[in-house]
Amino acid sequence: MKKRVQDEKPKRSAEASAWLDQEIAEQEERYGEIVAEMEGINDERNEWYANFLDIIQKKGFNANGDMRVKIKKEDIPERPDHPDADRVIW
């Protein structure tokens, strides 16, 4: 088989590795803060979800211009029944 450029991984310099480690640590810290904030407003988010579902069932939403479409209750998917249903994804 022919050797291809994309098959060869270039060596990473020590400076680049240090920078990468620092960036990863900063991103993990930011992610932790986001998760904590999102978990802190979980009850409020559940109210937002319920309000949204209520609106699209009663008033509907604008599908095109001023044409409104209501969503039937049976067409709304059920909320997943597991503890990390609202988990912030990395």
Side-chain angles (χ1 to χ4, degrees):
M1 194 187 272
K2 196 172 186 182
K3 195 172 191 179
R4 304 174 91 187
V5 173
Q6 63 262 33
D7 294 335
E8 294 181 20
K9 185 176 178 182
K11 295 192 183 224
R12 188 177 291 150
S13 69
E15 180 183 355
S17 291
W19 176 84
L20 196 57
D21 292 340
Q22 178 185 0
E23 287 294 314
I24 290 170
E26 289 175 5
Q27 287 184 17
E28 288 175 345
E29 182 180 341
R30 284 193 299 267
Y31 176 74
E33 291 171 1
I34 291 168
V35 169
E37 183 177 343
M38 295 305 285
E39 288 176 353
I41 63 169
N42 206 22
D43 292 336
E44 190 175 2
R45 286 171 65 203
N46 288 333
E47 289 176 20
W48 295 338
Y49 295 151
N51 188 31
F52 170 74
L53 294 175
D54 188 51
I55 288 171
I56 64 171
Q57 289 176 59
K58 290 182 179 174
K59 292 182 180 178
F61 66 95
N62 288 69
N64 184 10
D66 61 352
M67 184 175 74
R68 294 182 79 74
V69 177
K70 292 181 182 179
I71 306 294
K72 297 175 188 170
K73 184 160 182 81
E74 58 268 10
D75 291 339
I76 294 177
E78 288 188 24
R79 184 179 173 92
D81 188 25
H82 50 86
D84 62 347
D86 293 330
R87 191 181 87 170
V88 179
I89 305 299
W90 178 274

Those residues that, when tested against N64, pass side-chain hydrogen bond (donor to acceptor under 3.5 Å, both in side chains) (two or more places apart): none

Hydrophobic cluster mates of I55, side-chain heavy atoms under 4.5 angstrom, ILVMFWY only, any path? none

Could you give the distance from CD1 (I56) to NZ (K70), rounded to the nearest 0.5 Å? 12.5 Å

Heavy atoms only: give me the nearest H82-D84 pair and the separation to one decimal. ND1-OD1, 2.6 Å

Just wondering, are more than 12 heavy atoms of other shown residues or ligands nearer than 6.0 Å to CZ in F52? no

Is it the case that E23 and Q27 place a side-chain donor and acceptor less than 3.5 Å from each other? no

Show me the side-chain donor-acceptor pairs of residues 71-81 shorter than 3.5 Å, one per line, residues at least two apart or across chains.
| from | atom 1 | to | atom 2 | distance (Å) |
| --- | --- | --- | --- | --- |
| R79 | NH2 | N46 | OD1 | 3.2 |
| R79 | NH2 | D86 | OD1 | 3.1 |
| R79 | NH2 | D86 | OD2 | 2.4 |

Selection residues 32-45 - residue pairs positive for salt bridge (Lys or Arg N to Asp or Glu O under 4.0 Å), sequence neighbours left out: none

Report whether W48 and F61 are members of the same hydrophobic cluster (ILVMFWY, side-chain heavy atoms less than 4.5 Å apart, transitive linking). no

Pairs where residues 57-69 contributes a residue and the test salt bridge (Lys or Arg N to Asp or Glu O under 4.0 Å) is met, not counting sequence neighbours: D54-K58

Distance-only donor-acceptor hits, side chain of residues 10-19, under 3.5 Å, sequence neighbours excluded:
| from | atom 1 | to | atom 2 | distance (Å) |
| --- | --- | --- | --- | --- |
| S13 | OG | A16 | N | 3.1 |
| S17 | OG | S13 | O | 3.2 |

